[in-house]
4 protein chains.
Amino acid sequence: MTSGKKPDKYYAILEGALKVFAEHGFHKSQVSRIAKEAGVADGTIYLYFKKKEDILTSLFQEKLGELVEKLNNGLNDQMTAREALNKVCEIHFSVLEGNIHLAYLTQIELRQSDLELRKEIGLALKRYIILIENILEKGKKDGSFRPDFEVKLVRLLIFGGMDEVVTSWLISGQKYSLTAQVGPTIDFFMKGIES
Amino acid sequence: MTSGKKPDKYYAILEGALKVFAEHGFHKSQVSRIAKEAGVADGTIYLYFKKKEDILTSLFQEKLGELVEKLNNGLNDQMTAREALNKVCEIHFSVLEGNIHLAYLTQIELRQSDLELRKEIGLALKRYIILIENILEKGKKDGSFRPDFEVKLVRLLIFGGMDEVVTSWLISGQKYSLTAQVGPTIDFFMKGIES
Amino acid sequence: MTSGKKPDKYYAILEGALKVFAEHGFHKSQVSRIAKEAGVADGTIYLYFKKKEDILTSLFQEKLGELVEKLNNGLNDQMTAREALNKVCEIHFSVLEGNIHLAYLTQIELRQSDLELRKEIGLALKRYIILIENILEKGKKDGSFRPDFEVKLVRLLIFGGMDEVVTSWLISGQKYSLTAQVGPTIDFFMKGIES
Amino acid sequence: MTSGKKPDKYYAILEGALKVFAEHGFHKSQVSRIAKEAGVADGTIYLYFKKKEDILTSLFQEKLGELVEKLNNGLNDQMTAREALNKVCEIHFSVLEGNIHLAYLTQIELRQSDLELRKEIGLALKRYIILIENILEKGKKDGSFRPDFEVKLVRLLIFGGMDEVVTSWLISGQKYSLTAQVGPTIDFFMKGIES
DNA sequence: AATGAATGAGTTTTCATTCAT
DNA sequence: GATGAATGAAAACTCATTCAT
């Protein structure tokens with residue numbers, strides 16, 4: 001799934017970290033706890049990561065990579081722009097609904113970082129946001145979307161809206177189905193941009 | 001601005017904290033630094049706040065209170081639902097654009113908290129989200145909004161969208177006018193809900 | 001009972017301290033807690049005592065004064081040496097059995113002091129130990145005690161023995177009568193010194 | 001002397017603590033001072049002891065263990081009860097006279113503990129007090145001691161007496177020989193219990 | 001004399017990180 | 001590469017004491 005050139009322990013540490021971060025939050029997670037979870041010695045972690053924070057960013061990049069890969073697999077050129085947008089939301093919601101640890105990581109832990117880290121995360125997120133942007137552009141070009149909205153603003157409104165829906169679902173204690181929100185969410189967005 | 005029943009030092013500490021948190025982030029802000037900024041002794045802080053974290057939540061609640069007060073002053077019953085929504089977005093954006101420290105606090109620092117604190121914040125935010133909900137309900141009732149969208153979902157999409165726009169503006173380095181985004185943002189939302 | 005030239009608040013503070021020290025121990029007792037117990041302001045304590053430690057030593061001296069006074073009232077020249085020794089032990093045990101707070105203070109808290117303070121306490125105790133010494137001397141003189149024991153050693157053995165009996169009774173949770181130990185204790189001592 | 005199954009640093013820390021505690025008292029001894037004395041880093045102490053207080057109790061238990069071992073080596077079944085009691089007192093006094101730091105620890109510092117700790121210490125001391133009890137029982141059985149004294153009381157009177165003699169000698173500034181007190185001390189006790 | 005708000009010195013403990021093996 | 005014992009910097013919080021009122 002992930003590139004494969006990195007050694008097993010690299011991934012073992014990431015998976016351990018995902019679990020520990022999700023349980024205790026980044027600041028309260030001890031490196032030694034992650035090491036134990038990953039089945040390696042404390043020092044070994046520093047053969048693969050420069051600092052504790054690097055584990056967090058690497059984790060995010062790996063997981064975001066997996067998500068983008070899933071999206072790329074899920075999307076194809078025959079789809080209408082609406083179908084594509086629907087697919088994006090569906091995968092976004094279903095991946096997080098299917099991996100609560102990951103959901104905690106992205107919605108809670110990754111926000112627990114200072115501005116520097118947020119910028120790094122923002123950079124990584126760009127790939128995802130550009131993917132949304134491409135769909136919007138395509139819809140504009142083929143005439144299925146209105147020509148008079150600002151792509152750079154609307155991509156934020158769409159991403160931010162989806163993000164808030166996930167966070168709200170998570171904080172509520174996952175009492176309802178997240179994927180069930182895909183339809184109404186896309187309905188709302190489409191009204192805003194459809195011709 | 002601040003109510004007045006709390007002693008001056010209470011507000012002095014909050015203002016000091018707002019500045020220090022915005023500069024260094026919550027976790028890297030030392031209590032002694034806040035004390036110095038507020039012009040009080042370290043120990044004095046603990047006469048007004050039980051723990052460092054309490055400064056953060058109090059700050060949030062005070063500032064959210066001010067925001068909601070501004071909104072209540074800005075809104076009135078003669079407004080159409082669209083005008084009301086526009087006003088909310090305008091005040092939301094202009095308050096944060098006018099107080100960068102506060103913007104950092106809400107968009108960056110307040111996210112740096114564990115699940116427990118997030119829930120507390122979520123509770124406080126409810127007042128704001130319900131205010132949006134009321135506008136949506138009103139629009140539905142008077143027929144200016146479509147009857148077939150889910151208020152509880154759309155309020156999240158609207159709040160989340162605005163939130164993301166602010167964060168994006170902040171992380172970009174405030175290179176453009178945030179208030180200039182009010183019109184297009186509301187345009188997009190209105191398309192989604194207008195009859 | 002106590003001299004009377006000191007103002008009421010002096011004694012109020014001592015009584016408050018006796019209670020608080022007994023409950024929490026000297027080091028864990030806050031001055032403000034004592035103030036509250038005594039019904040005075042924190043600062044008031046420093047009008048009567050120079051430092052927190054002074055409360056402890058004053059308390060000890062007041063209470064020891066009361067004990068010595070009780071002993072002086074209880075003893076008289078018509079008593080045999082044995083009767084006198086018996087009276088000392090009886091008063092010692094009954095006073096502490098009748099005032100558990102005081103027992104905690106003398107057996108536990110007063111030991112929680114550094115060498116300097118212990119010396120001060122030792123000095124105050126001297127009055128008590130000399131009282132025992134006088135009885136031993138008297139018994140030697142009137143022939144009821146053997147002439148061949150070292151008074152300065154035996155007074156320690158007697159005091160130490162009684163002290164250990166009290167501490168042991170206290171730590172055991174006061175499960176048995178302390179005053180019931182007077183007879184056997186004096187029996188043992190008398191065997192050691194009687195002609 | 002020390003068992004050997006515990007790592008060297010464990011004992012290095014204990015010896016450092018013994019010295020520092022004796023010099024400054026438990027409460028005024030900083031952990032960092034002990035670390036420096038032991039030649040380890042501050043944090044290292046917490047690899048071997050959970051809390052500062054644990055150093056004190058471990059120290060006590062190690063040293064008491066050594067004392068009891070010395071007593072067991074010094075006693076044998078051929079001794080009369082009187083000889084055994086004499087040996088106990090002799091070893092008790094000589095060990096403390098030969099190690100002033102240890103004497104300070106047992107007579108001053110260990111008393112500086114709250115009730116909870118005192119109970120723990122009392123538990124450890126039980127081994128020692130039972131050793132005295134066994135001698136008393138044996139003397140009763142072989143007829144060298146009177147049958148009519150209460151073993152459970154007298155063991156306290158004996159232990160308390162010896163303890164007070166040591167403390168008094170220590171506080172006096174060790175101006176006289178402690179071991180010289182063994183004979184008279186035992187004489188006094190023997191009078192109390194001998195047939 | 002009495003108050004109590006304010007002070008700020010002081011210390012244990014944690015834990016990310018290193019490095020000798 | 002792997003280990004994990006050792007390191008030591010770092011900071012929130014307490015509370016005895018002061019002093020302006």
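Quick note on labels: first sequence line is chain A, next is B, and so on, each numbered from 1.
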Quiz item: Rounded to the nearest Å, what distance is computed from the CD1 atom of residue A:I45 to the P atom of nucleotide E:dT18?
Solution: 13 Å

Quiz item: With sugar-phosphate meaning primed atoms plus P, OP1 and OP2, does A:F49 contact a base, only sugar-phosphate, or nothing at under 4.0 Å between heavy atoms?
Solution: nothing

Self-check item: Distance-minimising heavy-atom pair for A:G65 and A:R127
Solution: CA-NH2, 4.1 Å

Quiz item: Considering residues, nucleotides and ligands other than A:K19, do more than 12 of their heavy atoms fall under 6.0 Å from its NZ?
Solution: no

Quiz item: For D:H27 and F:dC15, what is the distance between atoms NE2 and P respectively, to the nearest whole Å?
Solution: 13 Å

Quiz prompt | Whole-Å distance separating the CD1 atom of C:I13 from the P atom of E:dA2 | solution = 9 Å

Self-check item: C:S32 side-chain N/O to F:dC15 phosphate OP1/OP2 under 4.0 Å
Solution: no

Quiz item: Any side-chain heavy-atom pair from C:E23 and C:E37 closer than 4.5 angstrom?
Solution: no

Quiz prompt | Pairwise 5' ranking along DNA chain F for C:S29 and D:D42, keeping only the more 5' one | solution = D:D42

Quiz item: What's the CG-C1' distance between D:D8 and F:dA5, to the nearest Å?
Solution: 14 Å

Quiz prompt | Below 4.0 Å: OP1/OP2 of F:dA5 and any side-chain N or O of D:Y48 | solution = no

Self-check item: Nearest-nucleotide 5' precedence on DNA chain F, B:K50 against C:K50
Solution: B:K50

Quiz item: Can you find a side chain N or O atom of C:K51 that sits less than 4.0 Å from OP1 or OP2 on F:dT17?
Solution: no

Quiz item: Do you know the tightest heavy-atom contact between B:I13 and B:A38?
Solution: CA-CB, 3.7 Å

Quiz item: So A:Y10 and A:F49, would you call those rings parallel, tilted or perpendicular, with 30° and 60° as cut-offs?
Solution: parallel

Quiz item: For the side chain of A:T44, counting heavy atoms from C-beta on, which of F:dT17, F:dA2, E:dT17 is nearest?
Solution: F:dA2

Quiz item: Which heavy atom in D:K52 sits nearest to a heavy atom in D:Y46, and how many Å separate them?
Solution: N-OH, 4.5 Å

Quiz item: Reckon C:K9 has a side-chain N or O less than 4.0 Å from the OP1 or OP2 of E:dA1?
Solution: no

Exercise. Quickly work out the C:Y46 OH to E:dA2 C1' distance and round it to whole Å.
Key: 15 Å

Exercise. For C:D54 and F:dA16, give me the distance from atom CG to atom C1', rounded to whole Å.
Key: 13 Å

Practice problem: Over all heavy atoms of both residues, which pair between C:I55 and C:A17 is shortest? Give the atoms and the distance, please. | Solution: CG2-CB, 3.5 Å

Quiz item: When Watson-Crick pairs (N1 to N3 and N6-O4 or O6-N4) and G-U wobble pairs (N1-O2 and O6-N3) count only below 3.5 Å on both distances, what is the dot-bracket string of DNA chain F, with | for other-strand pairs?
Solution: .||||||||||||||||||||

Exercise. Tell me which nucleotide among F:dG4, F:dA16, E:dA5 gets nearest to the side chain of C:K52.
Key: F:dA16

Self-check item: Any side-chain heavy-atom pair of A:F21 and A:I34 under 4.5 Å
Solution: yes

Self-check item: Between P of E:dG4 and NZ of C:K36, the distance in whole Å
Solution: 11 Å

Practice problem: Counting heavy atoms from C-beta on, name the nucleotide in E:dA16, E:dT13, F:dA16 closest to the side chain of A:Q30. | Solution: E:dA16

Self-check item: Atom-pair distance (NZ on B:K28; P on F:dA11), nearest Å
Solution: 11 Å

Quiz item: Between F:dG8, E:dT12, E:dC15, which one does the side chain of D:A41 approach most closely?
Solution: F:dG8

Practice problem: Select one nucleotide: of E:dA6, F:dT3, E:dT12, the one nearest the side-chain heavy atoms of A:L47. | Solution: F:dT3

